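Take a look at the structure below.
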Amino acid sequence: MGYQLSREQFDRFLDRLQDDYRVFGPALDSDKGAFSDTDRITYKNIRRLDDLELNRKSYFSPKEIFFPIRETLFRFCEGEPTVPQIDDKKIAILLRPCDSNAIDRLDAIFLENGPFEDFYYKRRRENVRFFLIECATGFDSCWCVSMNANTTKRWDVAFRFGEDEILVDVKSEEFLPYLDDCPQKPFEIRFIYENTKKVRVPEVGEVTLDHFAHELWNEYTARCIACGRCNTSCPTCSCFTVLDAPLGAEKKMGERWRAWAGCHIDGFTDMAGGHTFRQSRGERMRFKTMHKINDYRKRFGKHQCVGCGRCDDVCPQYISFARCINTLSDCIEEGKRK
Amino acid sequence: MSINTKKVIKNAYRISKVRGQTALRIRVPGGHIETRFFALIDEIASRFGNGTAHITTRQGLELPGIDFERIPEINKMIRPLLESLGLDREITDDGYPSAGTRNICACIGNRVCTFANDDTTAMARELERAVYPNDLHFKIAVSGCPNDCIKAALNDFGILCTVEPVYDASRCIACSACVETCAKAVTGALSLRDFSVLRNRELCIGCGECIRKCPTGATRRSPEKSYRLVIMGRTGRKNPRMAETFLKWADRESIVKIIQNGYAFAQRHIDRSLEKEHVGYIVDRTGFATFKDEVLQDVRLGEKVIVAKHIQWGGYRYTSDAGFR
């Protein structure tokens with residue numbers, strides 16, 4: 001069902017949602033950049049249209065809303081564990097097609113990877129609704145088209161944010177009551193079909209063991225500083241680590257947490273006994289690259305990377321993941337010619 | 001030739017070693033200048049000077065090789081440079097109104113530098129408006145962060161822009177990036193206990209490295225800006241020394257007021273039998289306690305501010321060059 005909303009009508013729509021949903025969207029965090037007097041676009045609670053920042057890409061992805069950066073799994077006292085309650089209010093997330101696809105990639109890892117579903121992920125994820133932001137032009141650093149992540153069918157309500165009007169297409173009936181007094185107008189969301197940035201992704205099978213040992217990774221050993229921003233800003237990075245925090249004088253109580261981890265960050269591959277699998281940063285870049293564009297695809301039939309380009313946006317060393325994939329493809333082509 | 005040297009010096013012209021020739025000293029607060037002035041500076045240097053400009057140790061420009069009789073003509077020409085200082089006073093064709101208070105220096109600051117915690121150029125210009133013109137020989141510098149690239153520690157008043165980190169444990173992944181950088185490159189103010197970061201506020205110098213290093217935005221900038229004021233550093237022929245910290249976590253308004261009070265303090269206590277007396281030596285005579293009481297008068301320091309109780313300056317004295325004995 002399509003609607004045409006004025007700005008006031010959109011605000012009223014948000015207003016009416018507040019009782020049943022928490023609405024999140026990209027918003028300006030002024031003065032909250034890492035450098036002084038800089039801002040950052042982050043996912044925040046949205047109450048009015050003016051809260052939304054739609055002209056710039058968010059620094060972090062929306063994944064933190066339902067996959068918390070740090071989460072208590074259970075509390076224990078004398079052997080009795082209790083699982084914390086969560087706010088079970090439904091969550092509507094304003095996101096672009098790349099991020100909608102990214103959540104599909106996370107779902108595969110947490111819900112379809114092996115015999116067990118991740119209880120903690122699932123109970124939050126079930127409450128998530130997708131408010132799709134039409135993204136027909138993208139940003140300069142995006143390469144979603146190359147990753148087949150430019151379009152999606154996964155949304156509950158889609159929006160085109162114009163200057164004075166907002167066009168709405170409601171796919172989930174649960175949202176119809178919130179718009180029942182709004183003027184109807186048929187609307188079909190558009191997608192982007194060409195990015196300025198293009199990435200050539202190798203086909204599964206083209207990547208061989210030779211490419212693991214290739215010298216192309218050495219560049220990243222020299223350049224990467226292992227800060228982990230590419231991991232924390234990535235909408236599809238799903239790795240976490242588990243931590244036990246003891247409480248009380250006798251340490252018989254405590255909490256078990258999980259917190260995001262990242263393959264570029266020191267300590268990620270530390271083993272009991274002191275062994276570390278990937279010491280060099282080039283090896284970490286290789287691991288990430290292979291997972292994002294090769295190994296995940298072998299398992300799930302789609303790329304893990306959705307080409308949102310955040311890793312390229314946030315790298316303090318100006319390392320471009322897009323260029324890295326293209327370099328790998330060049331090496332494969334070169335190998336074929338030999 | 002009759003030259004009133006005192007008047008000429010106060011007008012920002014130097015008595016040079018070449019008889020009959022002077023050098024114009026152009027103020028560049030914060031060391032940041034609009035390039036539109038380069039044409040004017042070039043014209044003065046080419047027509048009246050020797051076609052060169054010296055970038056001074058205090059970030060000003062000095063045009064040498066100028067005949068004294070050219071001063072009135074040049075003073076008319078530099079009017080736009082004076083106007084650009086944005087002083088709250090009428091600008092005339094008479095050139096700089098004083099030269100005692102030296103050019104206020106600043107590093108490049110947060111307009112460019114990723115370390116800087118504030119716009120040092122803007123702060124230098126604000127201070128210029130607050131203290132200039134003044135005949136007292138004061139040296140002031142603003143550094144964007146405690147790295148102190150501008151060497152504020154060698155000034156009478158050195159301002160180090162700081163930031164108080166705000167930590168949100170719910171965003172922390174316990175990667176230790178902040179703890180490690182603080183331990184290795186700063187003061188070791190941070191530690192990790194049960195996967196959360198603890199900050200020792202006494203050790204923290206507000207450099208902001210933890211904020212720069214955090215990959216999740218768990219450590220962020222405080223909304224208010226803060227400053228460390230270091231005082232009475234100097235070079236010179238008697239007792240060169242680094243400045244010592246007077247205030248930590250101070251607000252900008254207080255800093256400006258304290259520096260203005262510093263001028264009033266110097267006016268009250270200066271030894272007028274000397275040709276000039278630097279403020280640091282005045283504080284040496286009056287003692288830190290008197291200085292502190294007088295400069296903090298009418299200053300409303302916020303609750304966060306920490307004030308030094310005592311200061312014992314170090315440095316070396318040429319009269320006791322012990323190493324030679």
Side-chain angles (χ1 to χ4, degrees), chain A residues 29-44 58-61 63-64 68-72 225-234 237 239-248 251 253-268 270 311 314-316, chain B residues 107-123 143-145 161-181 184 192-197 206-227:
Chain A
D29 240 350
S30 52
D31 288 338
K32 283 298 188 298
F35 306 140
S36 64
D37 293 339
T38 59
D39 55 28
R40 198 173 257 186
I41 311 300
T42 57
Y43 264 84
K44 288 170 56 171
S58 69
Y59 187 96
F60 295 114
S61 85
K63 78 175 175 193
E64 65 186 55
I69 297 172
R70 176 190 281 201
E71 173 174 27
T72 304
I225 58 168
C227 72
R229 281 168 180 72
C230 52
N231 293 135
T232 56
S233 67
C234 177
C237 270
C239 290
F240 59 82
T241 189
V242 174
L243 314 161
D244 282 342
L247 297 168
K251 310 281 185 204
M253 299 182 287
E255 288 185 340
R256 173 161 292 182
W257 302 333
R258 71 173 170 195
W260 290 1
C263 52
H264 275 265
I265 298 171
D266 288 343
F268 183 74
D270 285 0
C311 50
V314 304
C315 179
Chain B
C107 66
I108 196 163
N110 82 357
R111 294 185 183 189
V112 177
C113 181
T114 61
F115 288 90
N117 294 314
D118 203 352
D119 183 344
T120 52
T121 308
M123 181 116 187
S143 192
C145 78
C161 303
T162 56
V163 58
E164 183 135 43
V166 180
Y167 176 66
D168 173 3
S170 76
R171 294 191 68 86
C172 179
I173 58 170
C175 69
S176 293
C178 55
V179 177
E180 274 170 40
T181 194
K184 284 180 187 164
L192 203 65
R193 190 193 291 165
D194 294 337
F195 314 106
S196 293
V197 177
C207 66
E209 257 314 87
C210 48
I211 301 164
R212 283 161 34 93
K213 286 282 190 293
C214 181
T216 57
T219 303
R220 298 174 134 203
R221 293 182 172 273
S222 57
E224 327 66 47
K225 287 184 169 145
S226 53
Y227 307 88

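Bear in mind the structure is a predicted one, so any value in this text is a computation, not a measurement. Reminder, nothing fancy here: chain letters follow the sequence lines and each chain counts from 1. Keep in mind that the numbers below use all heavy atoms, side chains included, and drop hydrogens, waters and symmetry copies.
- With a threshold of 4.5 angstrom between heavy atoms, A:Pro246 approaches chain B through its backbone and through its side chain.
- Proximity to chain B is limited to the side chain of A:Ile265, based on heavy atoms less than 4.5 angstrom apart.
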List the steps and the verdict of side-chain contact (heavy atoms from CB on, under 4.5 Å) for A:Arg70 and B:Cys172.
-> CA-CA 7 Å; A:Arg70 176 190 281 201; B:Cys172 179; 3.7 Å; yes
Start with the C-alpha gap between B:Lys225 and A:Asp37, add the side-chain angles, then the distance that decides, and say whether side-chain contact (heavy atoms from CB on, under 4.5 Å) holds.
-> CA-CA 10 Å; B:Lys225 287 184 169 145; A:Asp37 293 339; 2.5 Å; yes
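- Neither the backbone nor the side chain of A:Thr38 comes within contact range of chain B; no heavy atom of the residue lies under 4.5 Å from a heavy atom of that chain.
- Atom-to-atom distance recorded for B:Cys175:SG and A:Phe268:CZ is 13.5 Å, nearest 0.5 angstrom.
- At a 4.5 Å heavy-atom cutoff, the contact between B:Arg220 and chain A is made by side-chain atoms alone.
- Between atom CG of residue A:Asp31 and atom CD of residue B:Glu224 there is a gap of 11.0 Å, rounded to the nearest 0.5 Å.
- Only the backbone of A:Asp244 comes within contact range of chain B, judged by heavy atoms closer than 4.5 Å.
- A salt bridge does not link A:Lys251 with B:Asp194: none of the charged nitrogens is closer than 4.0 Å to a carboxylate oxygen.
- Not a single side-chain hydrogen bond (donor to acceptor under 3.5 Å, both in side chains) links B:Thr216 to another residue, sequence neighbours left out.
- Annotation: residues 163-170 of chain B contacts chain A through B:Tyr167, B:Ala169, B:Ser170 [non-hydrogen atoms, separation under 4.5 Å].
- With a threshold of 4.5 angstrom between heavy atoms, A:Glu64 approaches chain B through side-chain atoms but not through N, CA, C or O.
- Looking at A:Arg40, only its side chain comes within 4.5 Å of chain B, counting heavy atoms on both sides.
- How far OG of A:Ser36 is from CZ of B:Arg221: 5.0 Å, rounded to the nearest 0.5 Å.
- Looking at B:Thr219, there are no atoms closer than 4.5 Å to chain A (heavy atoms on both sides), in backbone or side chain.
- The minimum heavy-atom distance linking B:Pro215 with A:Cys227 is given by the pair CB-O, 3.4 Å.
- The CH2 atom of A:Trp260 sits 8.5 Å away from the CD1 atom of B:Ile173 when rounded to the nearest 0.5 Å.
- Judged by distance alone, with hydrogens and angles left aside, the side-chain atoms of B:Arg212 form no donor-acceptor pair with the main-chain N or O of A:Ala34 at under 3.5 Å.
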